[in-house]
Engineer: 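A single structure is presented below for examination.
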Amino acid sequence: MTTPSNTSQKQPEEPLTMDTFLQGIWRENPVFVMLLGMCPVLAVTNSVINALAMGLATTFVLLASGTLVSLLRNFIPKQVRIACYIVIIATFVTIVDYVIQAISLDLYNALGAFIQLIVVNCIILGRAEAYASKHSLPHTLVNASGMGIGFTIALLCLGSVRELLGNGTLLGFTVFGDQFQPWIIMLLPPGGFFVLGCWLLFFNWIRERRESPKAEAIQEIVHGQ
Amino acid sequence: MNPPAQSPAQPSSSVNMILALGSIALISGVLVVLVFQTTLPLINENKRIAIEKAVFHVLPGTLSRQNFVFTEQGGLMPADARVAGVTVYAGYDRQDTFIGIAAEAAAPGYQDVIRILFGYKPDCQCITGIKVLKMTETPGLGDKIAKDPAFLNNFQALDARLKDAGDGLLHAITTVKHGKKSQPWQIDAISGATISSNAIGKMLNESGEYIIPLVQAHLDSFVKATQSNDNAQ
């Protein structure tokens with residue numbers, strides 16, 4: 001005779017560890033591991049400042065929507081939860097939209113429609129559904145910060161390479177001399193795919209190297225025997 | 001088949017669902033309106049500064065501006081929320097002498113509509129500068145229309161003289177192939193960005209045909225407006 005709300009209350013919550021924060025940055029990085037939210041990742045990373053603004057905006061929406069979803073998790077009936085999450089997310093995206101306009105119109109024009117499109121960023125709805133709706137506020141906040149920072153780092157990885165090669169600048173400051181011929185392709189959509197592919201290759205290579213000593217050690221033990 | 005077992009499995013009644021959605025919508029509404037009201041003055045100020053910067057950029061020597069509207073009947077009115085028509089920004093120097101006007105022009109570019117602000121000085125009957133307000137042209141190619149110095153040089157004194165009758169441009173403003181400019185009313189295109197360069201020529205010609213005859217016909221009104229403003233101060 002257990003109701004769904006009873007089961008969720010009975011589940012003991014795992015303790016808050018460093019891993020709750022770090023999993024979004026490395027092990028479950030939304031871009032490099034889960035490959036989520038590819039639309040803003042490819043579209044707005046043609047400069048460092050755009051990447052940073054998009055990363056911070058997404059982090060804010062993650063934190064704010066996670067807070068509300070976590071606080072209201074016992075109040076929102078399962079049947080209408082997605083509708084509730086979308087309304088909550090859309091609210092905070094609208095807030096970000098106004099705040100960015102108030103901070104800088106140039107930045108707002110550069111980010112274009114992608115600020116509004118945070119509403120449908122699957123990282124945020126995914127976190128609301130998979131984490132915030134099942135965890136207490138401190139857990140949600142720590143996890144959302146990790147995910148947000150992980151997403152921002154990923155955007156910056158792409159943005160810095162694309163701006164450097166495509167425009168010869170970093171954060172607007174000229175890095176290479178006048179002789180440098182910009183690789184315009186890097187600012188165009190194919191450049192986004194290309195740089196993303198290179199970063200994925202790099203991170204997977206690191207991951208494999210980290211795991212390979214363990215595999216070699218096991219092999220040595222097997223051979224030793 | 002088994003109604004008593006079903007009721008505990010469905011803890012949320014319709015009332016609960018409506019209550020949850022209703023309260024979330026209410027919270028959402030309050031938050032959005034609150035932020036909108038707080039940021040509105042800042043956003044308006046940002047827009048004003050952006051327009052001012054653009055006007056000062058396209059009309060060198062300008063230190064203050066005043067907005068006017070050309071009504072559909074061709075009359076000139078000080079800008080007001082109630083007056084519908086084409087807005088022009090009149091620029092004035094230190095002595096509040098009328099220098100020229102800045103107006104918006106738009107035409108489809110390579111990807112989307114390009115919107116620019118251009119300055120026009122009646123003294124030289126020429127276009128004195130352009131500033132791209134909005135575009136989504138290809139980075140590195142089409143977007144050069146906003147910053148390529150050689151291309152922007154076209155607009156330091158682009159001939160926009162009127163016919164003697166004053167009802168249109170004497171020479172249509174046209175964009176010519178890169179390196180083929182021979183007349184002061186021609187725009188030297190950027191090689192590799194022909195469509196974007198053509199769009200600028202087209203919008204300046206269309207907008208110029210409409211606005212410049214009106215400006216020339218109302219030159220006195222622009223001057224008077226500042227003087228009456230001074231008296232008021």
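Labels below follow one simple rule: chain letters A, B, ... track the order of the sequence lines, proteins then strands, and each chain is numbered from 1.
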Engineer: Chain B heavy atoms under 4.5 Å from A:Leu188: which part of the residue, side chain, backbone, both or neither?
Structural biologist: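 For A:Leu188, the side chain is the part near chain B, not the backbone.
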
Engineer: Quick check on A:Tyr108 against chain B: is it the side chain, the backbone, both or neither that has a heavy atom closer than 4.5 Å?
Structural biologist: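 Contact with chain B is absent: no heavy atom of A:Tyr108 under 4.5 Å.
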
Engineer: Can you tell me which portion of A:Ile185 sits under 4.5 Å from chain B's heavy atoms? Options are side chain, backbone, both or neither.
Structural biologist: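 Answer is neither: A:Ile185 stays 4.5 Å or more from chain B.
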
Engineer: Is it the case that the side chain of A:Asn143 and the backbone of A:His139 share a donor-acceptor pair, with hydrogens and angles ignored and the cut-off at 3.5 Å?
Structural biologist: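 Such a contact is absent between A:Asn143 side chain and A:His139 backbone.
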
Engineer: Are B:Phe68 and B:Phe222 an aromatic pair by the rule of ring centers under 6.0 Å?
Structural biologist: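 Here the rings of B:Phe222 and B:Phe68 have centres that are less than 6.0 Å from each other.
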
Engineer: Testing the basics here: between B:Lys131 and B:Val58, what is the closest heavy-atom pair and its distance to 0.1 Å?
Structural biologist: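 Result for this residue pair: N-CG1, 3.6 Å.
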
Engineer: Given the options B:Thr138, B:Leu42, B:Ile49, B:Val35, which has more heavy-atom pairs under 4.5 Å with chain A than any of the others?
Structural biologist: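 Winner by heavy-atom pair count: B:Val35.
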
Engineer: Sub-3.5 Å donor-acceptor pair from the side chain of B:Glu52 to the main-chain atoms of B:Arg48, do we have one?
Structural biologist: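 No: the side chain of B:Glu52 does not pair with the backbone of B:Arg48.
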
Engineer: Examine whether an atom of B:Thr136 lies under 4.5 Å from a heavy atom of chain A, and if so say whether it belongs to the side chain, the backbone or both; otherwise answer neither.
Structural biologist: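 The answer is neither part of B:Thr136.
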
Engineer: Can you say whether the rings of B:Phe151 and B:Phe155 are parallel (under 30°), tilted (30 to 60°) or perpendicular (over 60°)?
Structural biologist: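 If you compare the ring of B:Phe151 with that of B:Phe155, the planes turn out perpendicular.
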
